[in-house]
Amino acid sequence: MKRQEIKEILQSEAIGSTIKVSGWVRTKRESKNVNFINLNDGTVLSNLQVVADVNLFDESILRKINTGAALTVVGELVESGGQQKVELVAKEIEVVGEADPDKYPLQPKRHSLEFLREIAHLRFRTNTFSSIARIRHAMIFAVHKFFTEKGFFNIHTPIITASDAEGAGEMFQVTTFELNNPPRSDDGKIDYSQDFFGKHTGLTVSGQLEGELAALALSKIYTFGPTFRAENSNTSRHLAEFWMIEPEMAFYDLNDNMDLAEEFLKYLINYALENCEEDLMFLSQRQQQEEKNKPQDQRSMELIEKLKFVADNEFVRLTYTEAIKILQNSKPAKKGKFQYPVEGFGTDLQSEHERYLVEKHFKRPVILIDYPADIKAFYMKVNEDGNTVAAMDVLFPQIGEIIGGSQREERYDVLVEKMKAMNIPLEEMEWYLDTRRYGSVPHSGFGLGFERLITFVTGMGNIRDVIPFPRTPKNCEF
RNA sequence: UCCCUAGUAGCUCAGUUGGUUAGAGCGGCGGACUGUUAAUCCGUAGGUCGUUGGUUCAAGUCCAACCUGGGGAGCCA
């Protein structure tokens, strides 16, 4: 007999049919004549209740049915008298894999997220993490679906790269040298010409520069790959290894870029609302339970309500200069409540400022554009005023910057001047500059931190809980 | 990396101004009861108090350093 998955069983509710299921025991409740076993196979949040008549099964089998054990059950699907619509009356039970109840770390009770992080290899077996895993998958699929429908091509940009000129962060080094005795040149410096690639290499911090090359031939491309930053960041929204989506479009200006970013985010959120309802409802209840003891004003908006709100409302778009004015005239500025004062043009906006704009002033996502040139990367297009660049940051409540992007500087002379001023080694970037030498066109793109998106969609408070195996400073378990 | 904070049973936590055998709930185990819903009730085992050093007659409690977690900041996605 072919195994059926719990998802299809609960959908079909084929009363009276004999079926075979396999899964892991969540809880077992013993009764005089029957045992109730909640079985979960991960295909869906809900469990299937298996009813085992104690007179039908040997004591030695029933003893092995503990939380965490794997079972295959053959039985008849019947209407249930309890909370669930259907249940499985077992005829045969095979204990496929035992789980010693004395040692199995997951108990039928609530665990802290911090504890579950320490047993990340088992946390998939909890409602919370299986829900997140399913939503994460749905979002991966939706990303590819969105871009495919829009005529974008997915490009695999390299994971090992020699260009560390992107300025996006510290790189992890890639080498085959013996670290205690690397080859050295006469002046005592490490001689990378003898390394595997014949030069100094590292893990990518961004696929953007390579993405631009593809976009300036294929018109619209996107990357979706792992990204590595060796920054010593210890926050709830940074990972050393994360997944980033970077679309790059030829003949797009900053407005086109903003339109795409907003449409993209709303598409993804709507996809989750339409396809992950049960998991979202569970996470919503979980969040409300967790925040029950918080004072009213510190509780977050109900998850599904929050997602609908973002999907249904236009993002606010304003320039950096306008934002500075709003901040300077704000209550916290006048009362000296900001830890970092807003000094006027040139001030780098701090988290507290971004949060004020998004959470207090506008109460919705904000796209900030036209930042001062000196606080942004070399490749961003210089605006006509000469002081600002065509950058855009999409700011979300709670998580802050979810997207960073810009229109790129397509003018060869302007770009070279900028690179010189910012000490970018031109000789290593000739391949990039070739795109500006031959058939250069206006183009734009942005980067979306995939885990930040998942953090927002699931309502989780820590980015380490939305990636199966988080890599952070001092943490590379599993 | 900086600031704040925490580390006591498998998990979540309590532990008084330093004072004798370190407690609870949940989970585990044993039993009772029972078409149950993280079942309920009774009983029971389980601890090098993060590590190292120091102060003291005496340290879970005070001091120092380190390790690890959490919150915030910076860097950013």
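Note on naming: letters A, B, ... go to the chains in the order of the sequence lines (proteins, then strands), and numbering restarts at 1 for each one.
Looking at heavy-atom distances under 4.0 Å, A/Ile402 makes contact with sugar-phosphate atoms alone, never a base. Counting any heavy atom pair closer than 4.0 Å across all strands shown, A/Arg63 reaches sugar-phosphate atoms only and no base atom. A/Pro105 comes within contact range of no nucleotide atom at all, as no heavy-atom separation falls under 4.0 Å. Nucleic acid contact for A/Tyr340: sugar-phosphate only, since backbone atoms but no base atoms lie under 4.0 Å from a heavy atom of the residue. A/Glu451 comes within 4.0 angstrom of no nucleic acid atom, judged by non-hydrogen atoms across all strands. Residue contacts for A/Gln49: at a heavy-atom cut-off of 4.0 Å it reaches a base atom on one of the strands shown. As judged by a 4.0 angstrom heavy-atom cut-off over every strand, A/Gly82 is placed among the base-contacting residues. A/Glu30 comes within 4.0 angstrom of a nucleotide base, judged by non-hydrogen atoms across all strands.
Using the Watson-Crick or G-U wobble rule with both distances under 3.5 Å, B/C2 pairs with B/G72. Pair check for B/A39 finds none; no Watson-Crick or G-U wobble contact set falls under 3.5 Å. Both distances falling under 3.5 Å, in either a Watson-Crick or a G-U wobble arrangement, occur for no nucleotide opposite B/A58. Using the Watson-Crick or G-U wobble rule with both distances under 3.5 Å, B/A65 pairs with B/U51. The pairing partner recorded for B/G28 is B/U44, the criterion being a Watson-Crick or G-U wobble arrangement whose two distances lie under 3.5 angstrom.
Taking atom CZ on A/Arg452 and atom P on B/C75, their separation rounds to 12 Å, with Å as the unit. The nearest whole Å value for the distance from the NZ atom in A/Lys28 to the P atom in B/A39 is 12 Å. Between the C1' atom of B/G72 and the CG atom of A/Asn232 lies a distance of 15 Å, rounded to the nearest Å. Counting to the nearest Å, the C1' atom of B/C76 and the CE atom of A/Met392 are 15 Å from each other. Look at NZ on A/Lys32: it is 8 Å from P on B/C33, rounded to the nearest Å. To the nearest angstrom, P of B/A38 lies 14 Å from CG of A/Leu45. If you take NZ of A/Lys474 and P of B/U68, they are 6 Å apart, rounded to a whole angstrom. Taking atom CE on A/Met139 and atom P on B/A77, their separation rounds to 22 Å, with Å as the unit.
A distance cut-off of 5.5 Å between ring centres, combined with a plane angle under 30°, places A/Phe242 in a stacking arrangement with the base of B/A77.
A/Phe345 and A/Tyr320 have perpendicular rings, their planes meeting at more than 60° on a 0 to 90° scale where under 30° would count as parallel. Aromatic ring pairs are classed by plane angle as parallel below 30°, tilted from 30° to 60° and perpendicular above 60°; the pair A/Phe146 and A/Phe264 is tilted. Ring orientation note: the planes of A/Tyr356 and A/His361 are tilted relative to one another, at an angle of 30° to 60°.
Between A/Arg29 and B/A39, a side-chain N or O to OP1/OP2 separation shorter than 4.0 Å is present. Within the structure, every side-chain polar atom (N or O) of A/Arg26 is placed at least 4.0 Å from both OP1 and OP2 of B/U36. Distances shown here put a side-chain N or O of A/Ser112 below 4.0 Å from the OP1 or OP2 atom of B/U12.
Using atom C1' as the reference point in both B/A24 and B/U8, the two lie 13 Å apart (nearest Å). B/G15 and B/G47 have their C1' atoms separated by 14 Å, given to the nearest Å. Between the P atoms of B/G60 and B/A22, the separation comes to 10 Å (whole Å). Nucleotides B/G74 and B/G28 are separated by 45 Å at their P atoms, to the nearest Å. Look at the P atom in both B/U61 and B/A9: the space between them is 15 Å, to the nearest Å. B/C63 sits 16 Å from B/U56 when the P atoms are compared, rounded to a whole Å. Taking atom C1' on both nucleotides, B/G50 is separated from B/A59 by 16 Å, rounded to a whole Å. B/G27 and B/A45 are spaced 13 Å apart, taking the C1' atom of each and rounding to whole Å.
Relative to the side chain of A/Phe115, the nucleotides B/U37, B/A77, B/C11 differ in distance, and B/C11 lies closest. Ranking B/C75, B/C26, B/U36 by closeness to the A/Glu231 side chain, first place goes to B/C75.
A/Arg364 has no carboxylate O lying under 4.0 Å from a charged side-chain N of A/Glu314, or vice versa, which leaves the two without a salt bridge. A salt bridge is defined here as a Lys NZ or Arg NE, NH1 or NH2 lying under 4.0 Å from an Asp or Glu carboxylate O, and A/Arg317 with A/Glu262 meets this definition. Using a 4.0 Å cut-off between a side-chain N of Lys or Arg and a carboxylate O of Asp or Glu, A/Glu451 and A/Arg237 do not qualify as a salt bridge.
Side-chain contact annotation: A/Ser80 with A/Gln84, donor-acceptor N/O pair under 3.5 Å present.
The residue from A/Gln208, A/Arg408, A/Glu409 that alone fulfils the side-chain hydrogen bond (donor to acceptor under 3.5 Å, both in side chains) condition with A/Tyr379 is A/Gln208.
Heavy-atom distances to RNA chain B give each of A/His111 and A/Phe450 a nearest nucleotide, and the one nearer the 5′ end belongs to A/His111. Sequence order on RNA chain B of the closest nucleotides to A/Asp348 and A/Pro473 puts A/Pro473 first from the 5' end.
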